[in-house]
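So the structure is just underneath, and the comments pick up after that.
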Amino acid sequence: YIIAFLVRYRAFLRLAVSLPLAAFLIPISKVSRSLAVRIMYWLAFRGIRVDKAQAIAATFLSERYVRDLQDPAASALLSADEAIVITASPTFMAAPWLGRFFKVPA
């Protein structure tokens, strides 16, 4: 999703720097996955315009998120009276698809 987001954001230089960095993030993730994710998000999303990022997430990425959800998880969420959704995605990327497809308030 980060690659698709950066392409839509037209952050090609940031993308070119981030992809080789993945070679270093993979070994880091074996020790501390949360640290690797924080580094990846910091590099990908630091200094971006919030309004443009929210528009890209809502317009282009929300349907892709829902398609990639595993059906049992999505079915359980839809059939539950109350549910807690935990996602590793930043709020601006997760909120559009949670609100649109699962009626989760922002």
Side-chain angles (χ1 to χ4, degrees):
Y1 297 104
I2 291 175
I3 293 171
F5 173 81
L6 290 175
V7 169
R8 291 286 181 176
Y9 194 79
R10 299 188 186 276
F12 299 115
L13 182 61
R14 189 178 298 221
L15 185 60
V17 171
S18 298
L19 290 178
L21 186 68
F24 295 105
L25 290 178
I26 292 170
I28 291 172
S29 71
K30 304 294 183 196
V31 176
S32 175
R33 184 171 174 84
S34 64
L35 176 62
V37 169
R38 279 185 269 153
I39 291 170
M40 179 179 58
Y41 282 165
W42 185 82
L43 289 170
F45 302 128
R46 184 176 185 268
I48 62 172
R49 287 185 26 214
V50 174
D51 59 332
K52 190 173 177 182
Q54 288 175 335
I56 290 170
T59 307
F60 298 109
L61 298 180
S62 61
E63 289 182 20
R64 187 172 178 183
Y65 266 58
V66 172
R67 271 197 321 261
D68 288 349
L69 280 177
Q70 295 178 0
D71 186 44
S75 298
L77 183 62
L78 289 171
S79 65
D81 292 331
E82 293 183 20
I84 296 174
V85 179
I86 299 173
T87 177
S89 301
T91 304
F92 77 89
M93 289 181 81
W97 64 267
L98 287 170
R100 181 174 170 192
F101 295 100
F102 296 118
K103 309 297 186 244
V104 174

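Throughout, residue positions are numbered sequentially from 1 according to the sequence presented.
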Margin query: Could you work out, with ring pair (Phe, Tyr, Trp, His ring centres under 6.0 Å) as the rule, every residue matching Y9, not counting sequence neighbours?
Written below: F5

Note to self: Please tell me whether I48 and L21 are part of a single hydrophobic cluster in this structure, the criterion being side-chain heavy atoms less than 4.5 Å apart.
What the structure shows: yes

Item checked: Same apolar cluster: L43 and V17, side chain cutoff 4.5 Å -> no

Can you give each donor-acceptor pair under 3.5 Å made by side-chain atoms of residues 23-33, sequence neighbours left out, with the distance rounded to 0.1 Å?
{"residue": "S29", "atom": "OG", "partner": "I26", "partner atom": "O", "Å": "2.6"}
{"residue": "S32", "atom": "OG", "partner": "L35", "partner atom": "N", "Å": "3.3"}

Item checked: Sequence-distant partners of R8, side chain to side chain donor-acceptor pair (under 3.5 Å), two or more places apart -> none

Margin query: Give me each pair satisfying salt bridge (charged side-chain N to carboxylate O under 4.0 Å, His left out) with a member in residues 51-60, each pair once, sequence neighbours excluded.
Written below: R49-D51

Checklist line | Which residues share a side chain to side chain donor-acceptor pair (under 3.5 Å) with R46, sequence neighbours left out | finding: none

